[in-house]
Amino acid sequence: MRLPSRLILAATSTIVYLSSTAALNITIKQDVPLAPAKLPAPYAAAQCDEIVEHFGRLGRTTVWNLVEKVHMEGDTFEPEGIVRIGDDRYFLSAGEYTSPTVKYGNGIIINGTDRTAGSGFAHMIVFDGKGKRIADATLTERDAIEYHNGGIDYDGEFIWATIAQYRPNATATLMRIDPRTLEPTVILHVADHKGGVVHDTRTDKFVMLNWGSRNATTWDSRRKPAPYPAFTTFPNNVRNPSYYVDYQDCKFLGHPKQFDHRSTMICSGVASLSPTVAIGGVALVDMETMIPVAEVPITMTSDLGAPVTQNPMEVAIVGGRLRFYFMPDQHNSTLYVYEAEPNSPFEYGA
Ligand SMILES: *[C@@H]1O[C@H](CO)[C@@H](O)[C@H](O)[C@H]1NC(C)=O
Ligand SMILES: *[C@@H]1O[C@H](CO)[C@@H](O)[C@H](O)[C@H]1NC(C)=O
Ligand SMILES: *[C@@H]1O[C@H](CO)[C@@H](O)[C@H](O)[C@H]1NC(C)=O
Ligand SMILES: *[C@@H]1O[C@H](CO)[C@@H](O)[C@H](O)[C@H]1NC(C)=O
Ligand SMILES: *[C@@H]1O[C@H](CO)[C@@H](O)[C@H](O)[C@H]1NC(C)=O
């Protein structure tokens, strides 16, 4: 597969979808390497069977111990996805919104969607383990209509991201980002909003989730994408049968023994069931069918009152315990690190 080595100008007569080479704008805050020289394995995939085993012991009465709270320096805009690369680097995808989208109202749909494009920038921000900012890159051009950088995945070599219009049923660009330079490479264009992507490194398939994670589209990388900005079409669009939460950020786990070696990802998310009821949860999800094979509600909220599973999520086993990393709040964010108490009491419930 031949790929452009840098972002390309994706303009049809008037629409700028994404960006140009010049739009990669990096502000460096600390003169240190962005990522470890030897890129480590992704935590989730390296600990697949162990994570699945720990997940199988979680329940509604699991005690979640807050083991670390890291304040992230500077404006984090709307954090969307996070990957931890080694013990001292967090990469955060975030969306900066310079003018809001506006709903057409009265159920009006124009060109398949229900609101204006708004405007903004897709960011990738790098922090050290203490939340000190190392670099902030914008990956999109001013006036580009795709600027929403969703849930991300790291495969040991690249960070994968979908930069989309910030409205349902619109368009998105799948790209990979080199964690050592933050240089993005455009892979393909999709005629739908995509709010996150997961890379199955064993099959080399990419699962992209659309608005509210209602549908999953799989790109088998053995299939050549259409030349950008033409849209690649996909034979399979799988409806997500679970309405328990909308997944926000997912990581590839692997092909766990316990699930007959099926392609599995770990996802977190939220659902607003009414103006006053929001629920959060984490799930192990079959990447081919979107069927959740295990799911657990998460009820913790941030100090500012947001469900912790609202946006970025990362996972690892540390010291024999299952750890989740959540960053729910916008602009002035705190990373909440929770560990599942292995000896949590079991209760039958009401
Ligand atoms: C690059 O980003 C910085 C910080 O966000 C901003 O001040 C500057 O105007 C940007 N430069 C360009 C050429 O967009
Ligand atoms: C709808 O799509 C057409 C064709 O691309 C375009 O000319 C028109 O401006 C779009 N309308 C809106 C409101 O975006
Ligand atoms: C998405 O938009 C297309 C037109 O652009 C329309 O045909 C299709 O029905 C829309 N799909 C949904 C789920 O709204
Ligand atoms: C999901 O995909 C199905 C086809 O498999 C399509 O009919 C439906 O409109 C899609 N829904 C959304 C919300 O994209
Ligand atoms: C950000 O939040 C911290 C607490 O987490 C608070 O001390 C600080 O004043 C806040 N900064 C801004 C600019 O709101």
Side-chain angles (χ1 to χ4, degrees), residues 8-19 80-81 95 97-120 122 140-151 161-174 188-198 200 205-220 223 225-250 262-263 265 267 269-273 281 283 285-292:
I8 56 172
L9 186 67
T12 58
S13 53
T14 53
I15 304 168
V16 176
Y17 282 110
L18 193 67
S19 198
E80 296 283 349
Y97 310 130
T98 49
S99 67
T101 60
V102 179
K103 285 222 177 145
Y104 301 132
N106 299 322
I108 293 170
I109 301 289
I110 303 173
N111 292 344
T113 197
D114 67 350
R115 64 197 76 180
T116 62
S119 65
T140 52
E141 189 173 83
R142 189 172 296 281
D143 300 328
I145 59 171
E146 292 174 352
Y147 56 82
H148 180 276
N149 198 358
T162 47
I163 295 185
Q165 293 188 44
Y166 192 21
R167 47 185 184 168
N169 197 29
T171 66
T173 298
L174 172 67
L188 55 80
H189 211 193
V190 198
D192 193 0
H193 171 92
K194 294 295 169 196
V197 59
V198 175
D200 180 332
K205 289 180 181 171
F206 294 80
V207 172
M208 296 174 278
L209 304 174
N210 75 356
W211 191 267
S213 72
R214 291 300 104 221
N215 272 355
T217 301
T218 299
W219 174 53
D220 180 337
R223 269 188 70 229
Y228 203 90
F231 295 109
T232 298
T233 54
F234 301 92
N236 41 358
N237 198 21
V238 176
R239 183 175 176 272
N240 176 358
S242 172
Y243 275 77
Y244 171 51
V245 295
D246 291 352
Y247 305 133
Q248 304 290 311
D249 196 18
C250 302
R262 296 182 64 82
S263 180
M265 60 186 173
C267 295
V270 281
S272 292
L273 303 179
V285 181
D286 183 316
M287 288 170 66
E288 256 174 63
T289 60
M290 285 300 286
I291 293 172

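Side chains included, hydrogens not; waters and symmetry mates left out as well; all remaining heavy atoms used. As the structure lists them, so they are numbered: ligands from 1, and atoms in each ligand from 1.
- The atoms of ligand 3 that sit less than 4.0 Å from any heavy atom of Asn169 are 1 (C), 2 (O), 3 (C), 8 (C), 10 (C), 11 (N), 12 (C), 14 (O).
- For the side-chain hydrogen bond (donor to acceptor under 3.5 Å, both in side chains) test with Asn210, the passing option among Asp192, Asn240, Thr217 is Asp192; the others fail.
- The aromatic rings of His189 and Tyr228 sit tilted relative to each other, their planes meeting at an angle between 30° and 60°.
- Not a single N or O atom of Asp192, backbone or side chain, sits closer than 3.5 Å to an N or O atom of ligand 4.
- Contact of the Thr113 side chain with the Trp211 side chain is not registered, since no non-hydrogen atoms from C-beta on lie closer than 4.5 Å.
- The shortest N or O to N or O distance between Arg214 and ligand 4 is not below 3.5 Å.
- Using a 4.5 Å heavy-atom cutoff, the side chains of Ser119 and Tyr166 are not in contact.
- Sorted by chain and number, the heavy-atom contacts of ligand 2 below 4.0 Å come from Ile110, Asn111.
- At a 4.0 Å heavy-atom cut-off, ligand 4 touches Asn215 through the side chain alone.
- The distance from ligand 4 to the heavy atoms of Asn210 drops below 4.0 Å at these ligand atoms: 12 (C), 14 (O).
- The two residues Pro292 and Tyr247 have their closest heavy-atom pair at CB-OH, 4.0 Å.
- In this structure, the side chain of Tyr97 does not engage the main chain of Gly120 through any donor-acceptor pair within 3.5 Å.
- A donor-acceptor contact under 3.5 angstrom links the side chains of Glu146 and Thr171, judged on distance only.
- The residues Asp200 and Lys205 are annotated as not salt-bridged, no charged nitrogen and carboxylate oxygen being separated by less than 4.0 angstrom.
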